[in-house]
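Just so we're on the same page: letters track the sequence lines, and every chain starts at 1. Below, each value reflects all heavy atoms present in this structure, side chains not excepted, and no hydrogens, waters or symmetry copies.
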Protein chains: 4
Amino acid sequence: MHYHKDAKLFNNKFWVGYFFSQSSSVEAEGRRHYFRYRLRPKLLRDVSKRDVRTSILGQEIAFPIAVSPTAMQRMAHPEGEVATARAATSLGTGVILSSWSTSSIEEVAAGCSPNGPRWFQLYVYKDRDVVRDLVRRAEKEGYTALFVTVDTPILGRRLADVRNKFALPSHLRLANFSTKQQHSSGVKSMQDSGLAAYVASLIDPSLNWEHIEWLKSITSMPIVLKGILTAEDAKLAVQHNVDGIMVSNHGARQLDGVLATIDALPEVVEAVRGSNVEVYLDGGVRSGTDVFKAIALGARAVFIGRPSLWGLAYDGEAGVRKVLELIRDEFSLSMALSGCTSIADITPDLIQKDRFLVMAKM
Amino acid sequence: MHYHKDAKLFNNKFWVGYFFSQSSSVEAEGRRHYFRYRLRPKLLRDVSKRDVRTSILGQEIAFPIAVSPTAMQRMAHPEGEVATARAATSLGTGVILSSWSTSSIEEVAAGCSPNGPRWFQLYVYKDRDVVRDLVRRAEKEGYTALFVTVDTPILGRRLADVRNKFALPSHLRLANFSTKQQHSSGVKSMQDSGLAAYVASLIDPSLNWEHIEWLKSITSMPIVLKGILTAEDAKLAVQHNVDGIMVSNHGARQLDGVLATIDALPEVVEAVRGSNVEVYLDGGVRSGTDVFKAIALGARAVFIGRPSLWGLAYDGEAGVRKVLELIRDEFSLSMALSGCTSIADITPDLIQKDRFLVMAKM
Amino acid sequence: MHYHKDAKLFNNKFWVGYFFSQSSSVEAEGRRHYFRYRLRPKLLRDVSKRDVRTSILGQEIAFPIAVSPTAMQRMAHPEGEVATARAATSLGTGVILSSWSTSSIEEVAAGCSPNGPRWFQLYVYKDRDVVRDLVRRAEKEGYTALFVTVDTPILGRRLADVRNKFALPSHLRLANFSTKQQHSSGVKSMQDSGLAAYVASLIDPSLNWEHIEWLKSITSMPIVLKGILTAEDAKLAVQHNVDGIMVSNHGARQLDGVLATIDALPEVVEAVRGSNVEVYLDGGVRSGTDVFKAIALGARAVFIGRPSLWGLAYDGEAGVRKVLELIRDEFSLSMALSGCTSIADITPDLIQKDRFLVMAKM
Amino acid sequence: MHYHKDAKLFNNKFWVGYFFSQSSSVEAEGRRHYFRYRLRPKLLRDVSKRDVRTSILGQEIAFPIAVSPTAMQRMAHPEGEVATARAATSLGTGVILSSWSTSSIEEVAAGCSPNGPRWFQLYVYKDRDVVRDLVRRAEKEGYTALFVTVDTPILGRRLADVRNKFALPSHLRLANFSTKQQHSSGVKSMQDSGLAAYVASLIDPSLNWEHIEWLKSITSMPIVLKGILTAEDAKLAVQHNVDGIMVSNHGARQLDGVLATIDALPEVVEAVRGSNVEVYLDGGVRSGTDVFKAIALGARAVFIGRPSLWGLAYDGEAGVRKVLELIRDEFSLSMALSGCTSIADITPDLIQKDRFLVMAKM
Ligand SMILES: Cc1cc2nc3c(=O)[nH]c(=O)nc-3n(C[C@H](O)[C@H](O)[C@H](O)COP(=O)(O)O)c2cc1C
Ligand SMILES: Cc1cc2nc3c(=O)[nH]c(=O)nc-3n(C[C@H](O)[C@H](O)[C@H](O)COP(=O)(O)O)c2cc1C
Ligand SMILES: Cc1cc2nc3c(=O)[nH]c(=O)nc-3n(C[C@H](O)[C@H](O)[C@H](O)COP(=O)(O)O)c2cc1C
Ligand SMILES: Cc1cc2nc3c(=O)[nH]c(=O)nc-3n(C[C@H](O)[C@H](O)[C@H](O)COP(=O)(O)O)c2cc1C
């Protein structure tokens, strides 16, 4: 897929920087990791009818590809998070709203189609009242799960670097945070431009398993940990009774040199075996066969981050829908050509991990 | 070999698109997979006389390199499939005619030399009468085997994309399908330009092992499954009493990220050991040492797709003959330099799979 | 980090040659070796407070990154070694002064901050009096360890080649060697320009373990062997009661095709297990995650060579400080994002050695 | 070493083609194979005195680097093989004269220094009298071994291709073959220009072990098989009582995709263990560490082909001497930096085969 080549996004250097920034060349590498998993198709199965539906935490989705949270989407398109959410939910899949959205929890909820679920991504703040308020609003507005981002006790260097150079344009705001709220948190006069940096500074670097316990105590929403990458942490997650794990490395924007998510997936899947914890993956998913590989290796569903932004920048709601449809159709085709008619058919024996790296131009 | 650099083909953007299209960069990768298999020559054998003959399904061929089916060859040269078939058979090797040829089963049969066999490639259509008609005509015209393409229950994305943009030029037709036949299939007014897409849509996506049983019941021709890539499917093929397996990934034009055929070959060979099923390979064969490697790893013969098209576009029958002769002579030379005087001498110990990938500019 | 791109250094071809020279492309390769070690972060640990202090030979340093000895630093900046030493020690870390410095042992001692240790790098000369003199002066001036460079019994080819073309500018001198000293060594009239080559020629190519015993007999300073790369030599080092080993390949400037230091580190660490010998590493460390990886694999601290020169050339003392701060802060961040709050937390299970090489543009 | 960049050779397209031709990109690959073997230096050994002498078949050579046979050297320089032979022998090492030299057996013998041995490379011809004549002349002229090239029962494709385009310039001749000799072999009128192709056509493609037995019966010179690459053939060589094996792939000019010689070396060394057969290597040796690696892996000496031609083209005898000296000095340096003082010290534990390929720009 080369849709990102066309994205109008590229005309605006300002947020190209933001949307594309990542720790060194890891994203490029991340893509290459997918190439090492080769497909072993099973042929001569009747694939005339294929069912690509699955569920996340008990809610059906029309296909196993949903949208990861990305901050400040109105920078890419005036309708921002509302357009993204409407695109995903109207196709029957789900969307995770970022804590740092430029559309509010309430605006997005109002804009969603009832066909697909909406979930809320949470950064844990030092001020527990801020967290409590966000959770309460998400519950009230029909968000059905909390995706707690656990890989960001501190903001990664690149993002911080970039932040120094950019300010949220004056007509935009971090819509989930009231100016009043900032003030009560002790900041006297805070211009919108400094708000992003300010909110980042509110993140609690002491984030630990007790926060998870506490979150469970204040909400009935299921809790998914976004950012787990190892078997050790996956086992702790099972012990703490979370409902899901999103294998993620934050799009390679946090820790430089970290595992590629597709490589980390198998050990996490193995570690939760026997529990009810669902495992998802994001990071580097760009084509239908990437989705297929992640599911074969044990993911229940995958999420896309940057591709949804490219679609959004290109053509708003229609652009995001186009991206989701493209990947969905490629995924369905790869099922057909691999002899699978349901998600359950996509088993690990359909994959061979190549002992060799074969370079491919990208 | 750089003959494709010269192919007049390259002057015509229109069908460059068609002939070269493939899923992402997999073909390029496919080539690289050959480099990982290194030759271990045996020296000081008398190689003054070398016999490169072998047989396919009991019929002798002059050397173990034959021609894979490729659709619509009159787009490359006015004599199309007839020129290709004459080139191959006059050299004493075989050719597989595509179902979607722009020369008819009968025209090609008439054009063939009696020196080499002709075989027919079959897509299985929803309308069994269409299949029955094709099979009957192929039998009548002296085709001696059916190569059933099993990797295409649905057409791969790229081909489909490209198809949207191109139409079969108005002076060409899919020669095996009468306009009448289309009509009786329920299509009222069908222009030639839409025929290709139409015929593709007739393919039966429910294609499964029962179709193979049924094909065996309607023909006495041996049946080869084109597109098998795994040991599991190879074992099923043995159980269903097919006569041959062509390890193929459709030139990497169907399923993106699929195994390279040279990597899939050993497990298929191993799976059919002890049966009478013959194993062939196509995909990425470009030089005589590629042929040598595939045979050492257990293929009975290899087939070439694109190289034959390059030859055809370059100089019609003479061009295809030139390509076949070049690869044949390189193959014979690689036998000599490896100490082999017959096909039977080409054993697996002449190959070492490199644990390392060594990049090579191509 | 791209600070070297900006270094004013690049305006002066003359010493670019000297500072960047290395055996073939090994340094570039060296960098790539780091990429093969991927991080396995542990999340949901309270990382709000992190302690990056450690010690070298009993002396505390503020963070585990110190400065390797590099010769003739006044070629990069008028304040040379004094600026480098002040930058490191003022930040609370240590610096190793090269034997071939353009500032003397005494000048550097006077310029150092008391916040961090200074150490002296020794080449062993044929004339033991020269060695004795250097050791005595280093002891007197408060240097607290001897780093004996053992990988240079003879100067590597590249350096020698380059040397033919360059001469130490006439206003500079190898500050630890008096003109008188040269004379008493038998050289009649020696211009400054030839001094470098001359001093190199004084190195004792018979350098062996007995020299180490002898050095121990003439000084009470702890002794670190700089350049050990194998388990075999590490075990001998333990037997000879040295105090530390610096795993180093002299920045890939001596032996072409030698092991990358990050690959050699684990066997050295394993070999000294159970002894009191401390293990450090230099070579190719450019980012905070490189530091993190080396420590996870068992290094007590790492040293940087070229990056400190780039900083020095760019902005003298401030430039070196900037480079050290950058790497220190990245290191602290990588600790936070990996769930570590102290150096002791950085354990081998946080690393996965990739079986595959993934290429990255650098 | 970049001396080939300067070679005047490059001004003449005509024989650049000849001297550089090779099967596809294998030579480039061959070089890369050396990079995978990394050096594990032993330090703190007294390396002040190093002895680089060794012997080949009982004759001392001053260092373990000699010159491989390359045809038609007067195309590179007017003094051709005489200059090359004088350069090598005057340095105390040996040279192998090609059968297809443009200076005769006698001219080269007269030109050699007595300091180093000369050997004769033999292609086995259909006409045994031609062989007998060459062997007799070589014996008479003081050549002390026969290197029988066993990888060329037929000339490789590239060379043949090139040959079609070039003719030996009219002032040159294949000096070991008299015009009369050609005539008596049945060729009526043979112009010099066609002589090369003609002589190639005289090679006996039935070359086999019986020829080796026969050669042993007609000469008392020791026999070395040039071109063996596998353990199987090495064992046969031992059984046939040959005196040496040169692991060679003819500079990757014969069989495309063949093993790199450095990769084939260990199995050949292992196979002859316990016998008196000496093992040498050529192919891709360009630097002193390449020599070091080959010796560590069991070669008694290495030979260089193309580098000697580059030197010859650049500056005749002096150029070849310069190339040999450069590689010799690098080799001696790599011994020093690895802790070796004699050839016997260069043991396999000084090498680590990297499980990873690390790309290097070349
Ligand atoms: C511009 C951008 C903003 C992001 N903002 C957030 C965020 O606010 N919260 C969060 O948990 N993850 C955030 N992420 C990470 C994504 O949720 C996701 O993990 C990542 O983008 C997946 O990789 P992909 O972009 O390769 O699909 C962001 C990623 C990008 C590219
Ligand atoms: C232009 C083109 C058309 C093709 N048409 C058909 C076809 O009609 N039927 C079929 O079974 N395979 C078809 N193939 C696949 C070939 O039979 C063959 O599997 C493939 O080209 C082999 O790889 P190679 O081109 O690298 O030699 C086609 C391939 C190409 C390139
Ligand atoms: C310009 C330069 C000069 C050096 N001079 C010395 C020296 O005098 N003594 C020494 O032991 N090492 C010397 N080294 C090696 C360094 O101490 C160190 O091992 C190496 O630079 C570490 O690799 P890095 O530059 O990749 O960090 C020198 C290195 C460079 C680049
Ligand atoms: C121009 C050229 C001519 C050669 N001629 C001969 C020859 O006449 N006889 C022979 O046995 N090998 C011949 N060889 C092969 C060399 O002896 C040797 O095996 C090879 O060049 C070694 O590889 P290198 O060039 O990478 O050092 C020739 C090689 C070259 C490049």
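The line from CD1 of D:Ile154 to OG of B:Ser334 is 10.5 Å long, rounded to the nearest 0.5 Å. Expressed to the nearest 0.5 Å, how far CG of B:Leu44 lies from CD of D:Glu210 amounts to 11.0 Å. Residue D:Leu229 holds its CG atom at 13.0 Å from NZ of B:Lys42, rounded to the nearest 0.5 Å. The structure places CD of D:Glu267 at 6.5 Å from CD of B:Gln352, a figure rounded to the nearest 0.5 Å. The structure places CG of D:Leu207 at 11.5 Å from CZ of B:Arg45, a figure rounded to the nearest 0.5 Å. Distance check: D:Leu255 CG to B:Leu43 CG gives 9.0 Å after rounding to the nearest 0.5 Å.
Between B:Leu337 and D:Pro153, the closest side-chain pair of non-hydrogen atoms falls below 4.5 Å.
Residue-environment remark: NZ (D:Lys216) exceeds the threshold of 12 foreign heavy atoms within 6.0 Å. A 6.0 Å sphere centred on CG of D:Asn276 holds no more than 12 heavy atoms belonging to other residues, nucleotides or ligands. For B:Arg53, the CZ atom is loosely surrounded, since the number of other residues' heavy atoms within 6.0 Å does not exceed 12.
For a residue to count as touching a neighbouring chain, one of its non-hydrogen atoms must lie under 4.5 Å from one of that chain's; by this rule B:Phe292 does not touch chain D. Residue contact with chain D, scored on non-hydrogen atoms closer than 4.5 Å, involves the side chain of B:Thr289 exclusively.
Listed options D:Thr152, D:Asn208, D:Leu236, D:Val150 were ranked by heavy-atom pairs under 4.5 angstrom with chain B; first place goes to D:Asn208.
When every heavy atom of B:Pro41 is checked against every heavy atom of D:Thr230, the shortest pair comes out as O-CG2, 3.6 Å.
Salt-bridge check for B:Arg40 with D:Asp233: failed, with every basic side-chain N at 4.0 Å or more from each acidic carboxylate O.
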